[in-house]
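Below: one structure, written as structure tokens.
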Amino acid sequence: MKKFISCFICLSILCGCASIATRELNQARTGFANDDFVAAADKYAGEKSIQDQNSLQLLMTGLAHFQAKNYKQSDDAFEEFNKRNYDTIGGSIMYETTSLLGGQMASEYKPSMMDSLFVSYYQIWDAIGENRKNDVRVIINQSYARQQDMSIAYADLVKKNSERINNEKTSELMTELQKQNSMWTAYTDIMNPALMYLSGIWFLTHGDFSDARTYLNRASGMVPENSFITADLNLVEKKSKPKNTTWVFIESGFAPTLQEKELSLPVLTGNGAIVVSIAVAEPVFWNGKTTVSNAQPLADVNAMFMTEFNQYRVNDALRSFSAASARAIAQALAYNSNSKYSGLLGLGATLFSVTTTSAEVRTWVTLPESISVLRLNTADLIDSNLSAIISSETSLPKSGNHLIYVRLTENKPVVHIFKI
């Protein structure tokens, strides 16, 4: 009996615990908020080498080293992530199998499409930081092709989910999920406006007006009210390179975390109705935005996150529902069997059900909540509202074209200045 129970205790540990994952992610995010980037990422990764880290640890490590201006280490981590997750669009049979049998937390972290788009975004900054101009163009072109593929895949996902919503067996679950999902703001497509605008600026400042038009038009379509993008498009039409212009990309806050929530639903069986409990993930948003005067919104990361999450939430809930229904029936059969071990079998079935019911709560929580942009004459930087935030940390340029990256934190801001 003791061996039997010990087996299921071990199973519980192996399947993972949402509360432990949430605590570890919150600790990492606290470290980022306090400018302790690399130490926080190292702790989350267990101080493993890049080759030994899992996908989520690589994302944390890559971003941490970028913030610390260790561009080579940052790019190495992101490149390792790319090698393992070349196709973040397609599903993994192993992921689906382990999720079904052992719960969401028993599986390796499955990166989102948004993760890949932000990897490309930060790799562009890394390449600019190391003055690898040819690599910037390669990363931009690869990211554009990937975003196009993701847009097609996302449309297909939406279509498939809409077809599954009318299934009678899961109608109550679908109704509840639709109601919850409608509360959260989301885009209508997979996108990263910050990636598109940064790409457009790069081509514009290098006189490649054809490519600049492509990326700036796409950015404008994503953020039509942003007058800075319009100003750059006007330069494209005139085939005129900008002079003494500085673009400041400002990141603030943090992307949503996920918490586990339980839903209980009735299921009809041959012996009547049983109640099935499933675990679903629910977003928790960062409280409080920091703004800089005259900066304009560029990327609402909360909306980017919810665009994809709302759709995959349906998949995860349906998978969890199917598995939980099977487990509930197995429990009933075990307890009602004529075997002298029916009590033990029933206990085993119950323990298995409890330990393998979990929602996926892992996500790249150190991403920003929002990205805004400021475009101004380089000579005006010193007199701008932004100077009060960053001038004490670094010398501001007085002429020429520059890209400035700013990450607002609880303490001093992180500032990267690049002449382009």
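These values consider heavy atoms only, across backbone and side chains, with no hydrogens, waters or symmetry-generated copies.
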What pairs meet the salt bridge (charged side-chain N to carboxylate O under 4.0 Å, His left out) rule with one or both residues in [range], with sequence neighbours excluded?
range: residues 39-63; result: none
range: residues 184-206; result: none
range: residues 21-38; result: none

**Report entry** side chain to side chain contact (heavy atoms under 4.5 Å, CB included) between K241 and F209, worked out
**Finding:** CA-CA 9 Å; K241 293 170 65 173; F209 300 113; 3.9 Å; yes

[X] side, atom [atom1]; [Y] side, atom [atom2] - distance, nearest 0.5 Å:
X: M222; Y: N217; atom1: CE; atom2: CG; result: 11.5 Å
X: K243; Y: L235; atom1: NZ; atom2: CG; result: 10.5 Å
X: S120; Y: L198; atom1: OG; atom2: CG; result: 11.0 Å
X: M150; Y: I190; atom1: CE; atom2: CD1; result: 8.0 Å
X: K69; Y: F37; atom1: NZ; atom2: CZ; result: 10.5 Å
X: I250; Y: S370; atom1: CD1; atom2: OG; result: 9.5 Å

Will you find, in the side chains of [X] and [Y], an N or O donor that is under 3.5 Å from an N or O acceptor?
X: N85; Y: S55; answer: yes
X: W202; Y: D208; answer: no
X: S227; Y: Q296; answer: yes
X: N226; Y: Y197; answer: no
X: W364; Y: T366; answer: yes
X: Q123; Y: D75; answer: yes
X: T378; Y: S399; answer: no

Considering all heavy atoms, the nearest [X]-[Y] contact:
X: S220; Y: L233; answer: CB-CD1, 3.9 Å
X: I50; Y: A77; answer: CD1-N, 3.9 Å
X: L195; Y: Q147; answer: CD2-OE1, 4.0 Å
X: A295; Y: S372; answer: CB-OG, 3.9 Å
X: V236; Y: A212; answer: CG2-CB, 4.0 Å
X: N310; Y: N181; answer: O-ND2, 3.3 Å

May I ask you to test the [X]-[Y] pair for a side-chain heavy-atom distance under 4.5 Å?
X: V406; Y: F249; answer: no
X: H402; Y: T245; answer: no
X: T257; Y: P283; answer: no
X: P193; Y: M304; answer: yes
X: F81; Y: S116; answer: yes
X: L58; Y: R84; answer: yes
X: P256; Y: W286; answer: no
X: I420; Y: W247; answer: yes

Requested in this report: Anything under 30° is parallel, anything over 60° is perpendicular, the rest tilted; go ahead and classify W125 against Y121.
Outcome: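 Plane angle over 60°, so perpendicular.
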
**Report entry** Pairing residues for H416 by the ring-ring contact (aromatic ring centres under 6.0 Å, His included) criterion, not counting sequence neighbours
**Finding:**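 By the ring-ring contact (aromatic ring centres under 6.0 Å, His included) rule, H416 matches F66, Y71, Y405.
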
Side-chain ([X]) to main-chain ([Y]) donor-acceptor, under 3.5 angstrom:
X: E260; Y: V280; value: no
X: E130; Y: R132; value: no
X: N401; Y: T205; value: no
X: T409; Y: N411; value: yes
X: T307; Y: Y187; value: yes

Requested in this report: Identify, with sequence neighbours excluded, every residue that meets salt bridge (Lys or Arg N to Asp or Glu O under 4.0 Å) alongside D126.
Outcome: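 With neighbours one apart ignored, the set is empty.
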
**Report entry** Stepwise side chain to side chain contact (heavy atoms under 4.5 Å, CB included) test for I417 and L403
**Finding:** CA-CA 6 Å; I417 299 179; L403 279 166; over 6 Å; no

Those residues that, when tested against [X], pass side chain to side chain donor-acceptor pair (under 3.5 Å) (two or more places apart):
X: T214; value: none
X: K72; value: D76
X: E410; value: none
X: T61; value: Q53

Query - side-chain contact (heavy atoms from CB on, under 4.5 Å) against N54, all qualifying residues, sequence neighbours excluded - result: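 If we apply the side-chain contact (heavy atoms from CB on, under 4.5 Å) test to N54, skipping adjacent residues, the hits are L56, Q57, E108.
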
Requested in this report: List for me each residue that meets side-chain contact (heavy atoms from CB on, under 4.5 Å) alongside N131, sequence neighbours excluded, and say none if there are none.
Outcome: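 side-chain contact (heavy atoms from CB on, under 4.5 Å) check on N131 returns K133.
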
Requested in this report: Apply side chain to side chain contact (heavy atoms under 4.5 Å, CB included) to N82 and V119, showing your working.
Outcome: CA-CA 8 Å; N82 286 333; V119 166; 3.6 Å; yes

Query raised in the report: Which pairs, with at least one residue in residues 211-237 and sequence neighbours excluded, count as a ring pair (Phe, Tyr, Trp, His ring centres under 6.0 Å)?
Result: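 Applying ring pair (Phe, Tyr, Trp, His ring centres under 6.0 Å) to every pair that reaches into residues 211-237, excluding sequence neighbours, yields Y144-Y215, F203-Y215.
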
Query raised in the report: Is the Lys NZ or Arg CZ of R407 less than 6.0 Å from the centre of F254's six-membered ring, within 45° of the axis?
Result: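 R407 over F254 ring: yes.
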
Query - Candidates D232, N294, T246 - the one meeting side-chain hydrogen bond (donor to acceptor under 3.5 Å, both in side chains) with R375 - result: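 Among the candidates, only D232 passes.
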
Query - Verdict with reasoning, E237 to R213, per salt bridge (charged side-chain N to carboxylate O under 4.0 Å, His left out) - result: CA-CA 8 Å; E237 298 310 316; R213 180 183 291 105; 3.3 Å; yes

Requested in this report: State whether the number of non-hydrogen atoms from other residues, nucleotides or ligands found under 6.0 Å of K398 atom NZ is greater than 12.
Outcome: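 Not more than 12 within 6.0 Å, no.
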
Query raised in the report: So T185 and M306, side chain to side chain contact (heavy atoms under 4.5 Å, CB included) or not? Walk me through it.
Result: CA-CA 7 Å; T185 301; M306 294 311 304; over 6 Å; no

